[in-house]
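Report on the structure given below.
In what follows, every heavy atom counts, from backbone to side chain, and hydrogens, waters and symmetry copies are set aside.
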Amino acid sequence: MEIVGRVPSETGHAPPAPPPPVGYEGTWRFTAPALDSSVPQARHAVRELLAHQRVPVNGELMESLLLIVSELVTNAVRHAALLSPEIAVEVSLSRDWVRIAVEDNHPYRPVALVADQGGTGGRGLLLVTAITEEAGGVYDVDHTASGGKVVWAALPLPGAATSRPPSR
């Protein structure tokens, strides 16, 4: 069967066309060495990308996204560097969502730990989870075909019309 055009609705009107894509939609990926110095570099790169693409993020959302970047890159640097001397940071933008993902070659799924009160670390994934849930977003970990993992969080943009984040 060949489709040659849109079929008018019962009222004689064509169904509405989907909204045109916005200028900031797309996916950007960059790699960095699994070193402490990559954490501020990743934050800076993500901030610059969002500003350059004119993504409609307010100050609170920007700070949330940058904190997520910091925590995910820090975890990859601290816990995966031995098996993954390089990490990848991916930013996916859709009309309604921003998705931040950090990929490494370490096979183990990270676990959010409740650190003792005197400890100075160990709360990063708890923080990412809390920020993501408060914003109405989604956080998860996917395994890669090469045996590594991608840890990601997707947050809705202000006025998001859809309740589903972009899929990988």
Side-chain angles (χ1 to χ4, degrees), residues 24 26-51 53 55-158 160 162-168:
Y24 55 80
T27 298
W28 292 262
R29 182 180 175 92
F30 59 92
T31 59
L35 301 171
D36 288 335
S37 60
S38 294
V39 176
Q41 291 172 356
R43 282 178 60 95
H44 179 76
V46 170
R47 181 190 302 271
E48 290 299 311
L49 172 67
L50 296 175
Q53 293 302 120
V55 180
V57 295
N58 58 31
E60 182 180 348
L61 179 57
M62 178 68 83
E63 288 307 311
S64 294
L65 290 166
L66 295 178
L67 186 54
I68 289 169
V69 169
S70 292
E71 293 300 333
L72 296 184
V73 172
T74 297
N75 281 352
V77 166
R78 287 191 181 158
H79 304 294
L82 185 61
L83 295 178
S84 188
E86 186 173 80
I87 60 170
V89 178
E90 186 175 280
V91 180
S92 298
L93 303 170
S94 71
R95 173 178 293 279
D96 297 318
W97 291 86
V98 176
R99 181 180 184 270
I100 305 288
V102 175
E103 181 177 339
D104 63 58
N105 293 324
H106 198 287
Y108 297 116
R109 182 182 180 99
V111 177
L113 302 174
V114 178
D116 65 65
Q117 297 221 334
T120 59
R123 296 183 190 94
L125 290 180
L126 287 175
L127 188 57
V128 169
T129 302
I131 289 169
T132 303
E133 287 176 357
E134 184 176 312
V138 180
Y139 160 82
D140 205 355
V141 179
D142 297 325
H143 290 283
T144 64
S146 63
K149 66 182 170 302
V150 177
V151 184
W152 61 271
L155 301 183
L157 291 172
T162 180
S163 61
R164 292 190 52 203
S167 59
R168 180 167 162 85

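- Checked against side-chain hydrogen bond (donor to acceptor under 3.5 Å, both in side chains), S84 has no partners two or more places apart in sequence or in another chain.
- Here the closest heavy-atom approach between residue A42 and residue V73 is recorded as CB-CG2, 3.9 Å.
- Considering every non-hydrogen atom in both A101 and W152, the closest pair reads CB-CB, 3.7 Å.
- The backbone N or O of D104 sits nowhere less than 3.5 Å from a side-chain atom of K149 that would complete a donor-acceptor pair.
- Note that OG1 of T31 is 12.0 Å distant from CD of E90, once rounded to the nearest 0.5 Å.
- Looking only at side-chain heavy atoms (C-beta outward), I68 and L155 come within less than 4.5 Å of each other.
- A34 and A81 get closest at one heavy-atom pair: CB-CB, 3.7 Å.
- A side-chain contact (heavy atoms from CB on, under 4.5 Å) with S92 holds for exactly one of T27, V98, I100; it is T27.
- Side-chain atoms of S70 come within 3.5 Å of backbone atoms of L66 as a donor-acceptor pair (strictly under, hydrogens ignored).
- For M62 against R47, the heavy-atom pair with the smallest separation is CG-NH1, 4.1 Å.
- A donor-acceptor pair is defined here as one N or O able to donate and one able to accept, closer than 3.5 Å; such a pair exists between the side chain of Y24 and the backbone of R95.
- Checked for salt-bridge contact, D140 and R109 meet the test: a charged N lies under 4.0 Å from a carboxylate O.
- Taking OH from Y108 and CG from L83, the interatomic distance works out to 8.5 Å, rounded to the nearest 0.5 Å.
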Verdict with reasoning, L72 to L125, per side-chain contact (heavy atoms from CB on, under 4.5 Å): CA-CA 8 Å; L72 296 184; L125 290 180; 4.1 Å; yes

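- Counting non-hydrogen atoms of neighbouring residues, nucleotides and ligands closer than 6.0 angstrom, the CZ atom of F30 exceeds 12 such neighbours.
- Proximity of Y139 to I131: side-chain heavy atoms (C-beta onward) are nowhere separated by under 4.5 Å.
- With contacts defined as side-chain heavy-atom distances shorter than 4.5 Å, the pair W28/V46 does not qualify.
- Separating the OG1 atom in T129 from the CD atom in E71 is a distance of 10.5 Å, to the nearest 0.5 Å.
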